[in-house]
Amino acid sequence: MNEYVEVIGVEHLKTVLSSLTPEDIVKPALDNWISGIKTGHTILNLENGSVYGLGVELNQLPLGDEIYIELYTIKSGENPIIEEEFFSKREYEEFLEFSSDDPCEYIPDIISEFCEIKGIDEYERKIGLLAYNFEKEEMENYNMWESKILNKYYDAIYEDHNPFKFTQSSM
């Protein structure tokens, strides 16, 4: 017996996409990402059009009973923030001085400690930097980004959909 699931239409999808800011896209993935443990995803549920985060541990299967597409991903082994980009030039110089004070002592999250001392909102700065990079790398050409998402949409709802796949009969 085939089970039918109703999904949002293309126009609804386009409306949802156009309403999202880069921050809306990166924040749920960051909130569900744990370095070395969980991959953080921002997903768009195709049944109701909602956008939310999903954290997936290594060898864990994502949500099998929902139809969704990924909008953004931070892999568990990835460090999405480069220290040099995170700080201003002056802050980075201070950070290097701060982090080299005691080379024998290992501090797992020295960036957090430095931010706390300097009064830097680490979380907001991470969101801002990830959003900036996402906008620069992915959304700079909005039409291409939207087309990529639409292809994911069609792949998710039509098993055999791939507009760029050549079959033997089409050659």
Side-chain angles (χ1 to χ4, degrees), residues 7-8 12-89 91-92 94-96 98-100 105-142 144-157:
V7 295
I8 61 172
H12 185 171
L13 174 64
K14 286 181 175 185
T15 301
V16 170
L17 293 177
S18 68
S19 72
L20 295 172
T21 65
E23 289 84 2
D24 295 335
I25 295 171
V26 301
K27 190 177 183 301
L30 181 64
D31 289 347
N32 285 275
W33 170 77
I34 301 174
S35 180
I37 299 172
K38 280 189 175 183
T39 294
H41 302 277
T42 299
I43 63 174
L44 191 152
N45 184 306
L46 295 179
E47 293 175 51
N48 59 25
S50 61
V51 174
Y52 50 92
L54 172 67
V56 181
E57 291 184 35
L58 189 64
N59 297 329
Q60 176 187 12
L61 293 175
L63 308 170
D65 57 343
E66 291 186 30
I67 299 174
Y68 65 88
I69 53 177
E70 293 174 19
L71 299 178
Y72 182 73
T73 298
I74 305 171
K75 295 185 173 114
S76 66
E78 176 182 7
N79 185 359
I81 304 290
I82 299 167
E83 293 165 1
E84 265 181 288
E85 288 182 342
F86 186 75
F87 297 115
S88 70
K89 189 174 178 8
E91 288 171 342
Y92 186 62
E94 290 176 14
F95 172 74
L96 290 177
F98 174 80
S99 63
S100 67
E105 186 179 335
Y106 173 71
I107 302 170
D109 206 353
I110 197 162
I111 290 176
S112 295
E113 187 176 320
F114 181 78
C115 286
E116 196 173 305
I117 290 169
K118 293 292 182 179
I120 297 168
D121 188 334
E122 181 183 10
Y123 179 74
E124 285 303 314
R125 189 165 299 180
K126 278 183 182 178
I127 294 292
L129 184 57
L130 289 173
Y132 172 78
N133 288 337
F134 179 77
E135 185 170 31
K136 188 174 71 175
E137 295 164 15
E138 293 288 327
M139 292 180 86
E140 189 171 61
N141 184 335
Y142 183 83
M144 283 183 66
W145 177 74
E146 184 184 64
S147 293
K148 190 167 77 173
I149 300 300
L150 288 172
N151 278 331
K152 288 181 180 184
Y153 169 82
Y154 291 124
D155 283 343
I157 64 172

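On a predicted model such as this, the values are computed, not experimentally measured, just so you know.
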Contact check, side chains of Tyr154 and Leu150, non-hydrogen atoms, under 4.5 Å: yes
Considering only heavy atoms from C-beta outward, does the side chain of Leu13 approach that of Ile8 to under 4.5 Å? yes
Apply salt bridge (Lys or Arg N to Asp or Glu O under 4.0 Å) to the pair Glu91 and Lys118, showing each step before the final yes or no. CA-CA 9 Å; Glu91 288 171 342; Lys118 293 292 182 179; over 6 Å; no
Using 0.5 Å steps for rounding, measure from the CD1 atom of Ile25 to the CG atom of Leu30. 14.0 Å
Is any side-chain heavy atom of Phe98 less than 4.5 Å from a side-chain heavy atom of Glu113? yes
Min side-chain heavy-atom separation Thr39-Trp33 under 4.5 Å: no
Here the pair of heavy atoms bringing Pro80 nearest to Ile74 is CG-CG2, 3.8 Å
Enclosure of Glu116 CD (heavy-atom neighbours >12, cutoff 6.0 Å): no
Once you round to the nearest 0.5 Å, how far does OG1 of Thr21 lie from CZ of Phe134? 10.0 Å
Given side chain to side chain contact (heavy atoms under 4.5 Å, CB included), test Thr42 with Val26 step by step and report yes or no. CA-CA 7 Å; Thr42 299; Val26 301; 6.0 Å; no
Test item: side-chain donor near acceptor, Lys27 and Tyr123, under 3.5 Å: yes
Residues, nucleotides or ligands: over 12 heavy atoms within 6.0 Å of Glu135 CD: no
Would you say Glu140 and Trp145 make side-chain contact, with heavy atoms under 4.5 Å? no
Are the side chains of Glu122 and Phe114 in touch, meaning some heavy atoms are under 4.5 Å apart? no
Return yes when atom NZ of Lys136 has more than 12 non-hydrogen atoms of other residues, nucleotides or ligands closer than 6.0 Å, and no otherwise. yes
Do the non-hydrogen side-chain atoms of Lys152 and Leu44 ever get within less than 4.5 Å of each other? no
When rounded to the nearest 0.5 Å, the distance separating SG of Cys115 from CZ of Phe87 is 4.5 Å
Answer whether the closest heavy-atom distance between the side chains of Glu85 and Asn133 falls below 4.5 Å. yes
Side chain to side chain contact (heavy atoms under 4.5 Å, CB included) assessment of Tyr153 paired with Val7: CA-CA 10 Å; Tyr153 169 82; Val7 295; 4.1 Å; yes
Compare every heavy atom of Ala131 with every heavy atom of Pro22, then report the nearest pair and how far apart it is. CB-O, 3.5 Å
Out of curiosity, Thr73 OG1 to Ile43 CD1, how far, rounded to the nearest 0.5 Å? 10.0 Å
